[in-house]
Amino acid sequence: MKFGHFDDEQREYVISRPDTPLPWINYLGCEAYFGLMSNTAGGYSFYRDARLRRLTRYRYNNAPLDMGGRYLYLRDAAGRYWSPTWMPTRVKLDEYECRHGQGYTIITSKFNGMKFSARYFVPLGESLEIWQVTLTNENASPADLSLFSAVEFCLWDANDDATNYQRNYSIGQVEIVDDVIYHKSEYRERRDHFAYFACSEKLAGFDTIREEFLGPYRGWDEPVVVEEGKSRNSEAHGWQPIGSHHVNVRLKAGEQKQIIFILGYHENPKDDKFDPPGSQVINKKTVKPVIAKYLKSENADKAFNDLREYWTGLLGKIQVTTPDEHTNRMVNIWNAYQCMVTFNMSRSASYFESGIGRGMGFRDSTQDLLGFVHMVPERARERILDVSATQLKNGGAFHQYQPLTKRGNNDVGSGFNDDPLWLVLAVSAYLRESGDWSILDEPVQYENEPGTESSLYEHLQRAIQYILDRPGPHKLPLIGRADWNDCLNLNCFSDTPGQSFQTTTNKDGKSAESVFIAGLFVLACREMAGIAEHCGDQAQVEKVKKSAAEMEKVVWAAGWDGEWFRRAYDDFGHALGSKENAEGRIFIEPQGICVMAGLGLDAAPSSGSGNAVKALDAVREHLATPHGIVLNQPAFSQYYLHLGEISSYPAGYKENASVFCHTNPWVMIAETVVGRGDKAFDYYTRINPSAREEISELHKCEPYVYAQMIAGKDAVKPGEAKNSWLSGTAAWNYVAITQHILGIRPAFDGLEVRPVFPPGWDGFEAARDFRGVRYEISVKREGAGNSVSLEVDGKSILGTLIPLPDANKKTVKVKAVVR
Ligand code: BGC
Ligand code: NOJ
């Protein structure tokens, strides 16, 4: 069952009823000011940091769901009132539609002949959001309406706001000047920032005290002020400050009117906070012109058009036309968009991430980069330099860092032994995309400590050395706290409720090893060899090649189980992910990553010839389900002290045998490595959210973005997704489809075109920007295999790498024939 449809022309998802299985959200903002925006106007806003600069409140586990947002109420002369965005009153609307686009949301509705439309977005370069409301009276008689707005301010630090009531009930402060509501809590002392809520109309009244607006013991669904049709002009002093405007709207039959609201964040110089100086009144000199500007429709319209163009530019960098509409819309629109959202949010704020928990993950950010580097290479460069400055001197990494300070997070610390290797992959992706080799010479600190700088190139070497310095009993890499699978905590042994699985370690860590890290190491070494080669550093090339070859031998000796790759060795030295195990006999991660790294290919000069195909066949046999490939089988049916969090989840959820979508593209890529495009694409389609749109009542999450997990076959409801938006799934699926299945892959010295796609397709078209050149690529299938012949601007070339064209060339035409 569907709850809407895709409008690919407009690049929008159109939701046609408000009661979606879960709030289906979108993100406003793409630079510094952000809002989460659900299809019924729920959500909240913040400036840069969802925890420390939260503008509005949100309660995650509330009932009803999704209560708290950007609310509007309409009230007619007869005293009937409704929410034109359905929530919070949930009065049945005659018409409803929500369109989520890139960085904006438009909600339209109709109730008793009153048409409502609101466009919500954040103008580029500004720290404010606009709600552009249009009311049309479609009745034959005049309408006499009241429009009320309502937001609930958060007292900045969202964590403190939700916990420290003995202080917080006394600090709320507002100013109401020229019909603008200013939220100035804590401005009197150390803050130099405030929020404001403005309206383009002369106000009939306002409220800033929540209890006055709602009435005691009432909720947002029946505010007493709306019921009575009259604001109380309340001025907040402590308790719960809110912002609510009251506007009288008189519309003749057929008349239309636009009303604009602005919710914004503003900073003043520390020494010029008050006006007049010495008073306690906010200095509004610099904010007033901004407010005045965007309260004008024409400026708001222009800002909206600029935003649309900005996204046209970003998404335009890769556009494809394949025989599959789900592929087309995910690649051309939604998957790329989601990658940008993960760039902005990392894992901080979604409807499943509270914005007060995690900072930026080292491995998360470096993997996210793979999906956005082609859209914003300059910002990717900055991200790489920020992340690598949190690397430890020993080559390891702080597991997380704080976005506001960009410093490593001491609470979580380090010791996730896969972390540093992802940096190699990220830097390699950046170099391939941009050709900007100068980044390798950038001096970068370790542990954010001035004076410790070395070149980024050396950071990469230390990342690799970190693994070499930590061999376990079988010479496989020691796992540390966890590898990619945060829940495989082999050194944790926690039997105390409430302890963090991530930071508790009761074992000395000298025993448990990871086959996954071994595979990732080989992959990273391959990238490093390419980088070193390009730098003319032959010694480094030899070194990493040798290290990779040795690691491969170790994998065949200790990491191969006969039919598939093992997962790990636990603290007792027992294999995990092996026939020997009753539960957790096979895991997806090492199958994907080891084959991606080239282990077990026929051509590989190792004892593992043919094992790649074997491992992938085992995945198909034991792990593949109609909803995607589950993480492990059999699921863990009880808690195992020596395995940690993975066995804490009921079977079929999260890391315990759900379809953990992040891992699926590794298998897709691996299938292309062994030349099976049909299987790769089949897996791609199983978890493609657009392809799952028809089962939205089961899938539950948004059909336009990936979710982190889909409940596995052992779960009560297989197929039910959770944790949408912020997941490495976005980047990896984007890489799998664009670079491996469609096979358009940036290389160090050119663009490679080497698709491995389903034999059933007769071809596809693609356009890709690469190093300032537009490549127009047309692929034709003339046989069922994967052998590719290329014609570049009318001339055949040898191989599949298109060398960089002359400097003045702006377009290159590529014809590929696949046989
Ligand atoms: C989740 C993991 C996550 C980890 C880090 C765990 O509870 O299951 O997916 O990576 O927390 O916070
Ligand atoms: C989500 C985390 O953000 C990511 O870092 C981790 O790899 C996966 N969970 C798997 O545990």
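Indexing begins at 1, ligand by ligand and atom by atom, following the structure's order.
- With hydrogens left out, the protein atom closest to atom 7 (O) of ligand 1 is Glu645 OE2, 2.4 Å, a heavy atom.
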Any protein N or O within less than 3.5 Å of an N or O in ligand 2? List each pair with its distance, or say none.
residue	atom	partner	partner atom	Å
ligand 2	3 (O)	Arg358	NH1	3.1
ligand 2	3 (O)	Asp364	OD1	3.2
ligand 2	3 (O)	Asp364	OD2	3.1
ligand 2	5 (O)	Arg363	NH1	2.8
ligand 2	5 (O)	Asp364	OD1	2.6
ligand 2	7 (O)	Arg363	NH1	3.3
ligand 2	7 (O)	Trp484	O	2.6
ligand 2	7 (O)	Trp484	NE1	3.0
ligand 2	11 (O)	Trp484	O	3.4
ligand 2	11 (O)	Asp486	N	3.0
ligand 2	11 (O)	Glu655	OE2	2.5

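- You'll find the ring centres of His622 and Phe587 outside the 6.0 Å limit.
- The protein heavy atom nearest to atom 3 (C) of ligand 1 is Asp486 OD2, 3.7 Å.
- Aromatic ring pairs are classed by plane angle as parallel below 30°, tilted from 30° to 60° and perpendicular above 60°; the pair Trp725 and Tyr27 is perpendicular.
- A donor-acceptor contact under 3.5 angstrom links the side chains of Asp561 and Ser578, judged on distance only.
- Proximity to Gln708 (heavy-atom distance under 4.0 Å) selects the following atoms of ligand 1: 9 (O).
- Side-chain polar atoms of Glu513 and His474 form a donor-acceptor pair below 3.5 angstrom.
- Using a 4.0 Å cut-off to heavy atoms of Lys654, the atoms of ligand 1 that qualify are 1 (C), 2 (C), 8 (O), 9 (O).
- For the residue pair Ser428/Glu527, the side-chain donor-acceptor check at 3.5 Å is satisfied.
- The distance between the ring centers of Trp156 and Tyr47 does not fall below 6.0 angstrom.
- By the 6.0 Å and 45° rule, Arg470 stacks over the aromatic ring of Tyr466.
- Centroid-to-centroid, the aromatic rings of His459 and Tyr446 come within less than 6.0 Å.
- Screening Trp422, Phe416, Trp666, Trp732 for a ring pair (Phe, Tyr, Trp, His ring centres under 6.0 Å) with Trp484, the sole residue that qualifies is Trp666.
- Judged purely by distance below 3.5 Å, without hydrogens or angles, the side chains of Tyr337 and Asn26 pair a donor atom with an acceptor atom.
- Using a 4.0 Å cut-off between heavy atoms, Tyr649 contacts ligand 1 through its side chain alone, with no backbone atom that close.
- Annotation: atom 2 (C) of ligand 1 to nearest protein heavy atom, Glu655 OE2, 3.0 Å.
- Under the 4.0 angstrom criterion for non-hydrogen atoms, Arg347 is not in contact with ligand 1.
- Summary of contacts: the protein heavy atom closest to atom 11 (O) of ligand 1 is Gln502 OE1, 3.7 Å.
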